[in-house]
Number of protein chains: 2
Amino acid sequence: MSGIGPTAAPVLPIRGRLRPLGLTEVRATGGFWAERQSINAAATLPHIAHWLEREGWLRNFDLAAHGDLARDRRGREFSDSEVYKFLEAAAWEIGRNGDPDLEALFRAVVRRVAAAQHPDGYLNTRFGRPGQQPRWSDLEWGHELYCVGHLLQAAVARVRTRPDADDGLLDVARRAADQVCDTFGPDGLDGLCGHPEIETALVEFARATGDDRYLAQAALFVDRRGHGRLADVEFGREYFQDELPVRQATVLRGHAVRANYLAAGAVDVAVELKETSLLDAVRTQWENTVARRTYLTGGQGSRHQDEAFGGDWVLPPDRAYSETCGGVGSVMLAWRLLLADGDPRYADLIERTLFNVVSTSPSADGRSFFYTNTLHRREVGSLPDADRPSLRAAASLRAPWFEVSCCPTNVARTLASLTAYVATVDDEGLQLHQYLPGTVTHRRADGRALSVTVTTDYPYDGRIRVRIDTDDDRPWSLSVRVPGWADRGATLTVGGDTRPVGPGAVTERRIWRRGDELLLTLPMAPRFTYPDDRIDAVRGCVAVERGPLVFALESVDVPGVGSVDELRVDLGRPPRLVDGRVVVCCRRVRARDHDWPYRADGAGSAPPAGDRSDEVVPVTPDGVTPVTGPGFDEVALVEYHAWANRGPSTMRVWLPTVAG
Amino acid sequence: MSGIGPTAAPVLPIRGRLRPLGLTEVRATGGFWAERQSINAAATLPHIAHWLEREGWLRNFDLAAHGDLARDRRGREFSDSEVYKFLEAAAWEIGRNGDPDLEALFRAVVRRVAAAQHPDGYLNTRFGRPGQQPRWSDLEWGHELYCVGHLLQAAVARVRTRPDADDGLLDVARRAADQVCDTFGPDGLDGLCGHPEIETALVEFARATGDDRYLAQAALFVDRRGHGRLADVEFGREYFQDELPVRQATVLRGHAVRANYLAAGAVDVAVELKETSLLDAVRTQWENTVARRTYLTGGQGSRHQDEAFGGDWVLPPDRAYSETCGGVGSVMLAWRLLLADGDPRYADLIERTLFNVVSTSPSADGRSFFYTNTLHRREVGSLPDADRPSLRAAASLRAPWFEVSCCPTNVARTLASLTAYVATVDDEGLQLHQYLPGTVTHRRADGRALSVTVTTDYPYDGRIRVRIDTDDDRPWSLSVRVPGWADRGATLTVGGDTRPVGPGAVTERRIWRRGDELLLTLPMAPRFTYPDDRIDAVRGCVAVERGPLVFALESVDVPGVGSVDELRVDLGRPPRLVDGRVVVCCRRVRARDHDWPYRADGAGSAPPAGDRSDEVVPVTPDGVTPVTGPGFDEVALVEYHAWANRGPSTMRVWLPTVAG
């Protein structure tokens, strides 16, 4: 295997249906994502650097070089990885905009990391020094290989954005990777990491360095998992996917981040080694996971206790876990499958997850984060202390930092590299998977240039205009994705002709001339969305969506109402846009408490048809007027990703219904 | 405060509306509970003794006396308490049937415990010796006071059943209690225990010994809680009820066992010290908890992560936690409130919880136990290893023992003392709260004897016949409880007259003659039960109950069906009895999977009215014939407490409905 060119993108497979375009080829010029990338660069990255320093997680590296690490080390066993994820995020950001201050900070951090490396390449501040636990003595929980994985991903990001940087990071990573291969190779320790990550990282490192040794080690780690090499733990070996080999599993299970990272690494291995059956297995896992174990938002993982997937159809909105990092992992996996297979359904899930999980985590100012992304919050919480790491990552309140602070750095690296998930090429031409205003430029292997400009207000407007900026005498294909939710009403206009188009990839192959335009128009009417009847937890409820955005009812929009749980939606009146906001028609029911909340039917045949003692009262939301029968009012919803930016509130995505 | 006579009962308040009758006064002669008491004595108690020995939790006491406890101690920090709970259970059992072998075992265990006590009275195998953490150095998690509490309860049980035993347990307990008072008194350590238990135990110890010092210390502990003296933890101080004083709380919250134990102790303190406002506060907490935070089974606590109550209406059947010990704690609390107030609603909850939580935990053979009692099991589990403690207490599979094995001993002590929760007296006469075949005899303070025989097949038959066995020239009152679920159709027959009676206490005051009879007839037709509309997790579902028993659909009763989740109940046909089993009419829907389980409506107004691609297939249960339209069959349900006794299965209590 040889190295591929310097495309500035996170995933560069040697083969597959589609080839990614990098940060330098896809430029966002405004809109939803450019705004988030700006906040990420201006606020989130400095915020992370501040907390890494303040919590001593950077200083741990200094202590390793000259200090008493066993005595003074701070942070959890995986805190090194946050430093590496910061480096990865910074590398992408530098690659995107070349900020010299960030470049200087990056180099300074690399120096501190490098100084902590053992002579033999081992690098971890939690294990292996006098007074610490021995190296590799706690594979279940120690996260040593996981940390190396993130180190490698940082180095890969750097190599692909600043191949001539000469800052030493690649060398540090290579020595750490070599030490891993020396230790865990075919003749070495027959072990694997409790938290998958090293697998995908080693493949990417092989791709970036051209050294197949790392690929072979990744394949070995994938093969080793699933045979009970890790100890049984309270949550079962399913927690770290060690109960069943990857090739035999039919669905993602256990810890949601671990599951997605492992599957991503398995796809990487399968693609590089042409292991069709391994790729088939992961594809099946993904399909079943999306069909049965994924929240409307794209979020994955329903259980607080072990941050894990529940069984099929176990998707409670109430205390949905939907960890931000699970969303990041899901994007990683779906992107790899998209590159391998070309199926636009993968891009559908990426879009849904980016808009409704990844962009939900950070606050509007980019300085606090949801660790979990519940779909129902019943009680107004108190804001976490801004001045110390939150103990309660799972509280579904945004906090500036956490004792376990994996999510802020994962959001940062995803947003910094986001334009790398927008477009791909193949031998036929260009595919647009996500829509943002900007430019896509690419020089094909045969030297032909390809350039388009995208103009759109998506996701607030359904028109996506693609203008061709290059002339080419030979035909090429331009593909756009019609999202799965746009299953009626989407149209494509090219050369004055408009035709209806359905979900999937829509391809126009022709001789494109500079100035030619393609207009995709997606149906943007707000809509009710109904859950599969098997999702017990939301039976009798609807959600509201518009385009790729999930909406929520947030208590700050119904100031007269004590709890969003009192509202019942009138299905007879579809949601609509009023002054740019999505509104639904609700009735408010203030139910009477009973001594005991379970009641026999009256006549022995029919359910109690609404308790006559329940009180129907006005919703009286701010600035909204009654439009339907007694007790019904229109209530404005909020884009789910934007909730909890206006003070503490209650919120629900799934709204109980009344007969209209 | 002076000691009260030797009534062999767990709770002997100095005042209150009702006075309990003990094990020697209430005798079960057969039926549901006598059978469980027999299994408890014959199987569960020896089983517990075996595991306490095998896991080294008893040996810890030996090591304390002569060994290296710091090096060799086994078990979690609270393992001492299981030994004490075993002693308590054994004391009640000995009091009930006088088994000499159990008496010998009891004495042997007491000797081993006594040998581990420090000269100053401190007694704990986990703290305080060379090489161990210092005494009281981890009040949040150390459980030292909790363990002392269970030691006191064991001693109280012994004193009340064998007041002249002279086995040394009372002395051990007294010295431990004194050491606690010396350490944590008004001028001592300003601390409290992370797990309430010492509070109620100290009050009972004061009642049993007549020494008010213990009562004062209990009151101090109750007052200290709720002011943030314990450290903040991941779950918040709510976890151990230290975020809000007992007097200010309006509902139980946090860890369900802790919450109930604390509330029980608060009632004890309030009753003894005539603290009306404290009693009022707990009463309000109980009412709100029962109205909003209690499962149909009586189970409490919905969250796995922290074994805690969720918010109001958060009662997911799927992975309901409903810890067995939470049920035991709820019975403890409700019984204390019943004695204080006399309100039969407390006895309603006790009945529901005993039949559907406490009796659900042990297997039919009394040798394995549910730690949690879910109301919905989706996947057939594999049986836990019979030969080692289960790591997965929360799996809702019965296991012989657990790493944290609080539930088996709690079940054992509750079943051994169960007849003490059946009947009370007041100055007017006798109250029957629970129904079992047996005798109640009591000699009143003025020397008048009072004796009745109860004949019934309850809970399988609604007729409860109470025959008077004593003559008395003066009138006295006989009260029976009409349960809340019997809100239509109950009748009372006395002296040939039958009259309808409604829920609550029904009292007959008259001059009773030997041979007089009172017949209470409760309506035993199986019934659908509907949840409050605010319990999101079971919207659109019904449960089936008969009498006090909750029923469940278990997969072993529908052998042709892959998952109980495929069945939909026909509300048009009420459940009925067929050959002694409760059956409901179901349709089986084998739904088709979709790429994405959330779908827009078709016409923009109405929900998809059943997916035409879904397949309706025969239920074909064993031995049941179709009785209604195509696809409908009658399916036999199982008493919830008895589920999972016929091999691994799936199960659900709340059944989704279809229009009949």
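Worth knowing before you read on, the calculation uses all heavy atoms, side chains too, and leaves out hydrogens, waters and symmetry mates. Quantities reported herein were computed from a predicted structural model and do not represent experimental measurements. The chains referred to below are lettered A, B, ... by the order of the sequence lines, with proteins before strands, and numbering in each begins at 1.
Here B:Arg293 pairs with B:Asp312 under the salt bridge (Lys or Arg N to Asp or Glu O under 4.0 Å) rule; sequence neighbours left out.
The distance from the CG atom of A:Leu315 to the CG atom of B:Asp318 is 9.5 Å, given to the nearest 0.5 Å. We find the OH-OG1 distance between A:Tyr598 and B:Thr529 to be 10.5 Å, quoted to the nearest 0.5 Å.
For the pair A:Arg599 and B:Asp532, the salt-bridge criterion is not met [side-chain N within less than 4.0 Å of a carboxylate O]. Comment: A:Asp595 engages B:Arg345 in a salt bridge, judged by a side-chain N to carboxylate O separation of less than 4.0 angstrom. With respect to the salt-bridge test (charged N to carboxylate O, under 4.0 angstrom), the residues A:Asp232 and B:Arg392 qualify.
Looking only at side-chain heavy atoms (C-beta outward), A:Leu349 and B:Trp596 come within less than 4.5 Å of each other. Side-chain atoms of B:Asp536 and A:Arg539, non-hydrogen and from C-beta on, never get closer than 4.5 Å to each other. Two residues are said to be in side-chain contact when any heavy atoms from C-beta on lie closer than 4.5 Å; A:Asp593 and B:Glu287 fail this criterion. Residues B:Asp565 and A:Arg534 have side chains not in contact (no heavy-atom distance under 4.5 Å, counting atoms from C-beta outward).
Of the two parts of B:Glu234, the backbone and the side chain both hold a non-hydrogen atom closer than 4.5 Å to a non-hydrogen atom of chain A. Of the atoms belonging to B:Ser390, not a single heavy atom falls under 4.5 Å from chain A.
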